[in-house]
Structure formats: structure tokens, C-alpha cells
Trainee: 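Below you will find the structure I want to go over with you.
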Amino acid sequence: MKPESEASYLINQRRSANYKPNIWKNDFLDQSLISKYDGDEYRKLSEKLIEEVKIYISAETKDLVAKLELIDSVRKLGLANHFEKEIKEALDSIAAIESDNLGTRDDLYGTALHFKILRQHGYKVSQDIFGRFMDEKGTLENRHFAHLKGMLELFEASNLGFEGEDILDEAKASLTLALRDSGHICYPDSNLSRDVIHSLELPSHRRVQWFDVKWQINAYEKDICRVNATLLELAKLNFNMVQAHLQKDLREASKWWANLGIADNLKFARDRLVECFACAVGVAFEPEYSSFRICLTKVINLVLIIDDVYDIYGSEEELKHFTNAVDRSQLPECMKMCFQVLYNTTCEIAHEIEKENGWNQVLPQLTKVWADFCKALLVEAEWYNKSHIPTLEEYLRNGCNSSSVSILLVHSFFFITHEGTKEMADFLHKNEDLLYNLSLIVRLNNDLGTSAAEQERGDSPSSIVCYMREVNTSEEIARKNIKGMIDNAWKKVNGKCFTTNQVPFPSSFMNNATNMARVAHSLYKDGDGFGDQEKGPRTHILSLLFQPLVN
């Protein structure tokens with residue numbers, strides 16, 4: 001076959017995922033990314049309210065449950081970053097007072113709240129404090145099933161469990177069934193009932209905190225006695241001020257994407273800059289992370305495009321050239337363009353990191369994780385071309401690289417930490433278990449959300465297909481077991497992140513790392529959050545980035 005005939009044949013044979021055009025038009029972004037909440041008057045009001053709330057958190061009180069509820073509210077309302085010192089001092093006092101006698105308190109709600117908050121903040125607290133509430137079989141005593149508030153708090157606490165914490169495992173299993181059967185799901189006629197539904201849909205530990213702030217503010221407004229009025233006023237103002245800052249970041253990221261001018265040449269790929277930015281916000285929403293957030297938006301955008309190059313567009317031979325970065329003359333123009341944009345953007349990011357954080361030789365580290373990602377995508381493309389269904393173990397071993405978590409983690413590490421950190425750039429090698437389990441959570445959530453559409457268009461197999469084939473079972477059972485694997489991975493992540501002597505990194509980095517897993521839960525909860533913009537992400541993004549709260 002002549003070269004021009006072969007090229008024509010390839011064009012005709014290229015697959016399509018039939019992704020719809022981007023719904024976020026430049027005119028809409030230009031008109032909508034404007035906010036009045038970046039003015040000095042709002043900053044001054046925020047500073048005043050913050051000082052008032054600091055007094056509330058630091059005030060001495062004998063009602064420790066009320067203090068814990070205040071700290072819990074501060075976190076749920078997206079304000080914890082303003083009160084880190086005050087929260088630590090308060091929890092140091094509570095941990096010292098309660099460490100000896102907490103297990104004797106016959107208060108399921110207070111005990112569960114205490115356990116949850118102390119563990120969230122890295123304090124050593126044992127599951128044994130719940131032993132008093134269990135019967136001789138190790139299950140929750142029947143009398144506690146009458147107290148919905150305590151049940152719900154224990155359910156939330158159980159999601160912070162480690163491997164081997166059987167009391168929490170048993171509590172989670174029994175409470176999941178009890179809360180579902182309590183009637184509150186069918187009749188959400190109270191604030192507590194709505195909390196139950198919200199928690200069963202996705203526990204707070206697995207939610208992106210900033211994505212949930214508006215829901216929490218609305219919930220507190222409906223039950224105003226649960227929260228201090230000053231705190232609620234600050235939460236609303238803070239949301240609007242952060243949103244104004246995020247809008248500036250999105251404008252900058254949008255300009256970068258528009259200036260590249262390549263979207264029209266990549267009709268086969270997902271054009272999802274705004275969704276990519278929302279994911280970056282989920283990883284790090286705080287205003288001080290602007291540079292990191294914009295960088296991560298670029299990285300996630302490139303991950304999507306290159307994933308589509310491998311999944312949809314490239315022939316096996318072209319993908320080998322792309323992966324090896326040799327003889328790029330054999331690639332079609334759009335793939336050459338993708339490679340050049342990836343190379344240029346990675347060089348620019350490496351230069352920015354070295355300039356801002358003092359690191360040296362960042363580019364080889366970034367290049368390596370991109371290369372590993374492309375190699376994993378090539379393996380999946382080869383499976384597709386050979387109609388090969390791998391074993392589940394084989395799929396997951398490769399799928400953790402194709403999840404792109406290692407790319408995001410390395411960029412986060414260099415942006416969040418500074419040169420001189422004891423753990424140097426080979427931190428992935430030293431923390432393979434953390435990387436694997438975070439990658440597993442992302443990979444499996446992705447599969448749960450996208451597998452049906454991928455099977456329909458004949459893509460390479462997902463973990464669900466691999467499990468069904470290997471065990472010879474139904475899709476329903478396969479999905480249930482995949483969710484169980486996600487639960488187990490979270491226990492291992494919890495064990496790493498909530499045990500302070502195992503974490504050699506700043507807490508901000510560890511929070512960003514776990515947020516990557518949380519973003520996956522949000523993104524794929526209702527299907528393919530990148531592929532179908534109208535199915536759910538659109539409403540969520542409008543609320544998160546475009547619609548301020550009204551006082």
C-alpha cells in the first residue's frame with residue numbers, strides 16, 4: 001500500500017468516542033468570570049469575622065462535645081485553613097483531658113465525634129473506645145439503633161478506619177444497613193434525615209471538602225441552632241471570596257488553552273478545560289495555591305488529550321512512536337502537535353517550579369512520570385488491538401500507572417514542598433504503597449463510572465470486565481467487589497495519612513494527595529464526568545465557580 005493510500009486508510013479507520021463539543025464557550029467565560037467579592041471591603045469584613053471566630057474556638061468550656069461540634073462545623077464550612085493554630089490548641093487540650101476516660105462515656109454520638117475529629121487531625125485514638133457500645137458478638141448493641149444522630153456519627157467515623165480495625169468494619173456494615181432501612185431515606189422530612197441521605201450517598205471523608213461547602217452552608221441555614229451565626233456569615237463570605245479568586249485562575253488557564261489554538265485540530269479528544277480546572281480546585285482550593293492550581297489544570301487537560309490519543313485516535317504503530325518519542329515524522333500532524341504541547345508545557349512547568357521552590361533537575365522527574373503514563377496507555381492499546389482481556393491483577397498493575405495519579409502527585413510534591421525537604425525527588429519509590437492505593441481508588445472509580453460507555457463502543461476492558469471474566473460472575477457482583485476493593489484501599493490510605501510518624505511530608509501535601517482520590521469519587525459518581533458534561537458536572541461547576549452565595 002502506498003504511503004498516501006495507507007494514510008487515507010488510517011483516517012477512515014480511526015475510531016470515535018462521539019464526545020460532544022465543549023459547552024463552556026469563551027464568550028460565556030469572559031462575561032461570567034467577574035465577581036465583586038475580591039474588593040477590600042470584603043477582605044476587611046472577613047478579617048473581622050475571623051478574629052471573632054478565633055475567640056469562640058479558643059474559649060474555655062466544660063462542654064467538650066460543643067467544642068468538637070464547633071471544630072467539626074469549621075471544617076465542614078471550608079474554614080479550617082483560617083484556624084489551624086486555634087484548632088490544634090483546642091484539640092491538644094481535649095486529647096489530654098479525654099484520653100484516659102473517654103471509653104467509659106455512654107454517649108455514642110460524643111464518642112464517635114471525638115474519635116472522628118481526633119483521627120482526622122492525626123491524633124492517636126483507638127477503635128477500642130467503641131467497645132462499650134458493642135455486644136458479646138462484636139456488633140452494635142440494639143439500644144443504640146434508636147439514636148439516629150449517634151448512628152450517623154459512628155458511620156462517618158467508621159470511614160476513617162485502618163486495616164484490621166474490626167470494630168469499625170462491623171459498625172460500618174451494620175450501620176449502612178440500619179441507616180438505609182431507617183425510613184429516613186424515603187421520608188427526608190428533617191435536617192437529620194437529609195444528613196443521613198447525604199452521608200450514605202458518599203461519606204464526608206470521601207467527599208472533596210470544597211465541593212461540599214455550599215451544601216453544608218444550606219444545611220446549617222435550615223437548622224440555624226446547630227451553628228454560630230458569625231461562623232455561618234463568615235462561611236458565606238469566604239465561599240464568595242474564594243470563588244472570586246478561583247475565577248481569576250480560571251481566566252488565566254482559559255487564556256493558556258485558547259492561545260495554544262489546538263482544540264480545533266483535536267476533534268477526536270475531549271475539550272474539557274473547565275472540568276479540568278474544577279478537578280484542580282478539588283485538589284487544592286485555597287487561594288495561596290494559584291500557581292499550583294493553574295499548573296494542575298494544564299496537566300489534567302493534557303492527560304485527557306493524550307488518553308484520547310491512545311484510546312481512540314492512534315494506530316498501534318503510531319502510538320509506539322509517540323511513546324518512545326522517536327521518529328516523530330511518522331506521526332500525523334495532530335499527534336505531533338500533542339507531543340510538542342506536552343513537551344513545551346512540561347518544560348515551562350519545570351522551570352516555574354525551580355524558580356518558585358528552589359528545586360533543581362525537576363524536568364527529568366516530570367518526564368519520567370509522563371513516560372510511564374504513556375507506556376501504560378500503550379499496553380492498554382495493545383490489549384485492545386489483540387482483543388486481549390488481562391487478569392485483574394495484570395490490569396490493576398498497569399491501570400495504576402494509566403490512572404495518572406503518579407503524574408499529579410509528582411507535580412504536587414514539587415509545588416507544595418521546597419528544596420531541602422528530607423525526602424527528595426524519589427519519594428514515589430519510598431511511598432509505593434500510598435501511590436498504589438491512591439491510584440487504585442482513582443482507577444476503580446473511573447471504571448465504575450465509565451465502564452458501561454466503554455463497553456458499548458468496544459474499548460479495552462475495565463476492571464469490571466476483567467473481574468467478571470476471571471470469576472465468571474455477573475456485572476452486579478463484579479461492581480460490588482470493586483467497591484469493596486476501593487474500601488480496602490481507603491483503609492490503607494487512612495493508615496498512612498492519619499499516622500503522623502509514617503508521614504515525612506507536609507500535611508498540605510498529604511491532603512492534596514488524598515483529595516485526588518476524593519475528586520475521583522465526585523467525578524465518576526454519576527458516570528463519566530469528563531465525557532458527558534450535561535449529566536451532572538455542568539450544574540455542579542456552575543454552582544462552584546460561577547454562582548455566589550446570596551446573603
Side-chain angles (χ1 to χ4, degrees), residues 15 17 159 161-164 166 169 172-173 176-177 202 206 303 307-308 310-312 314 316 319-320 323 372-407 432-496 516-517 520-521 523-531:
R15 296 194 300 140
N159 282 278
F162 302 161
E163 272 190 298
D166 297 337
D169 287 344
K172 183 179 178 181
T176 300
L177 294 174
L202 192 63
R206 298 188 188 182
V303 163
D307 186 55
D308 288 339
Y310 279 83
D311 271 2
I312 298 166
E316 190 169 347
L319 295 176
K320 287 177 181 177
T323 304
D372 290 344
F373 175 64
C374 289
K375 288 173 185 173
L377 294 180
L378 179 62
V379 169
E380 293 178 355
E382 289 172 342
W383 288 341
Y384 168 79
N385 286 318
K386 295 173 183 174
S387 299
H388 172 65
I389 299 179
T391 65
L392 183 62
E393 181 183 356
E394 185 183 10
Y395 173 84
L396 293 177
R397 191 166 56 245
N398 187 73
C400 283
N401 276 330
S402 70
S403 74
S404 78
V405 169
S406 58
I407 297 175
E432 288 180 349
D433 55 340
L434 176 64
L435 171 63
Y436 178 80
N437 286 297
L438 288 172
S439 300
L440 194 64
I441 294 167
V442 173
R443 178 76 272 157
L444 295 179
N445 272 291
N446 182 313
D447 288 354
L448 288 171
T450 64
S451 178
E454 289 175 348
Q455 285 185 66
E456 199 172 293
R457 63 177 180 253
D459 284 1
S460 58
S462 67
S463 57
I464 296 167
V465 173
C466 294
Y467 189 94
M468 290 169 63
R469 170 88 172 253
E470 198 166 299
V471 184
N472 190 25
T473 191
S474 67
E475 181 176 346
E476 181 182 358
I477 292 174
R479 284 180 173 272
K480 180 179 178 181
N481 280 276
I482 295 299
K483 290 176 182 176
M485 293 171 67
I486 293 172
D487 289 343
N488 290 332
W490 265 115
K491 291 178 196 175
K492 294 173 184 176
V493 170
N494 292 344
K496 187 77 172 179
M516 293 172 192
H521 279 286
L523 190 63
Y524 299 110
K525 181 169 62 73
D526 300 312
D528 184 355
F530 281 124

Trainee: Heavy atoms only: give me the nearest Val442-Ser403 pair and the separation to one decimal.
Mentor: CG1-O, 4.1 Å
Trainee: Taking side chain to side chain contact (heavy atoms under 4.5 Å, CB included) as the test, write out the residues that go with Glu316, two or more places apart.
Mentor: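 For Glu316 the side chain to side chain contact (heavy atoms under 4.5 Å, CB included) partners, ignoring immediate neighbours, are Lys320, Glu382, Asn385.
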Trainee: Looking at residues at least two apart in the chain, or sitting in another chain, which of them share a side chain to side chain contact (heavy atoms under 4.5 Å, CB included) with Asn488?
Mentor: Lys491
Trainee: Would you compute the distance between atom CG of Asn446 and atom OG of Ser463 and round it to the nearest 0.5 angstrom?
Mentor: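 Reported to 0.5 Å precision, the distance equals 9.0 Å.
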Trainee: Indicate yes or no: at least one non-hydrogen side-chain atom of Asn159 is less than 4.5 angstrom from one of Arg206.
Mentor: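 Yes, their side chains come closer than 4.5 Å.
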Trainee: When you measure from the side chain of Arg479 to the backbone N and O of Leu448, does any donor-acceptor pair fall under 3.5 Å?
Mentor: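 Judged by distance alone, yes, a pair lies under 3.5 Å.
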Trainee: Can you name the residues that form a side chain to side chain contact (heavy atoms under 4.5 Å, CB included) with Val493, not counting sequence neighbours?
Mentor: Leu434, Asn437, Leu438, Ile441, Trp490, Cys497, Thr514
Trainee: Out of curiosity, Phe530 CZ to Leu523 CG, how far, rounded to the nearest 0.5 Å?
Mentor: 5.0 Å
Trainee: Taking Asn398 for its side chain and Ala376 for its backbone only, find out whether a donor-acceptor pair lies under 3.5 Å.
Mentor: yes
Trainee: First locate atom NZ of Lys483, then atom CG of Asn445, and finally report the distance between them rounded to the nearest 0.5 Å.
Mentor: 10.0 Å
Trainee: Would you say Leu392 and Met485 make side-chain contact, with heavy atoms under 4.5 Å?
Mentor: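 A side-chain contact under 4.5 Å exists here.
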Trainee: Short question: side chain of Ser404, backbone of Ile407 - any donor-acceptor pair under 3.5 Å?
Mentor: no
Trainee: Once ring-ring contact (aromatic ring centres under 6.0 Å, His included) is applied, do any residues pair with Tyr310, and if so which ones, sequence neighbours excluded?
Mentor: Phe322
Trainee: How long is the straight-line distance from CD1 of Ile486 back to CZ of Arg443, given to the nearest 0.5 Å?
Mentor: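 If we round to the nearest 0.5 Å, Arg443:CZ and Ile486:CD1 are 11.5 Å apart.
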Trainee: Which heavy atom in Asn401 sits nearest to a heavy atom in Phe373, and how many Å separate them?
Mentor: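 For Asn401 and Phe373, the tightest heavy-atom pair comes out as O-CD1, 3.6 Å.
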Trainee: So, do Leu396 and Leu444 sit near enough that their side-chain heavy atoms are less than 4.5 Å apart?
Mentor: yes
Trainee: Assess the residue pair Asp447 and Tyr467 against the criterion (side chain to side chain donor-acceptor pair (under 3.5 Å)); give the C-alpha distance rounded to whole Å, side-chain angles, the decisive distance to 0.1 Å, and a yes or no.
Mentor: CA-CA 12 Å; Asp447 288 354; Tyr467 189 94; over 6 Å; no
Trainee: Taking all non-hydrogen atoms of both residues, which atom of Gly399 and which atom of Glu380 are closest, and how far apart?
Mentor: CA-OE2, 4.4 Å
Trainee: Residues two or more places apart in sequence or in another chain: which of them pass salt bridge (Lys or Arg N to Asp or Glu O under 4.0 Å) with Arg469?
Mentor: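 Not a single residue meets the salt bridge (Lys or Arg N to Asp or Glu O under 4.0 Å) criterion with Arg469.
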Trainee: Looking at every heavy atom in both Glu394 and Pro390, which two are closest together, and how far apart are they?
Mentor: OE1-CB, 3.2 Å
Trainee: Hey, could you give me the CG/OG1 distance between Leu377 and Thr323, rounded to the nearest 0.5 Å?
Mentor: 8.0 Å
Trainee: Checking Glu393 now: which residues fulfil side chain to side chain contact (heavy atoms under 4.5 Å, CB included) with it, not counting sequence neighbours?
Mentor: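 Glu393 satisfies side chain to side chain contact (heavy atoms under 4.5 Å, CB included) with Thr391, Arg397 once adjacent residues are dropped.
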Trainee: Out of curiosity, Asp487 CG to Ile482 CD1, how far, rounded to the nearest 0.5 Å?
Mentor: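 Spacing of CG (Asp487) from CD1 (Ile482) equals 11.5 Å.
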Trainee: Can you find a heavy atom in the side chain of Tyr395 that is under 4.5 Å from one in the side chain of Glu470?
Mentor: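 With C-beta onward as the side chain, the pair stays apart.
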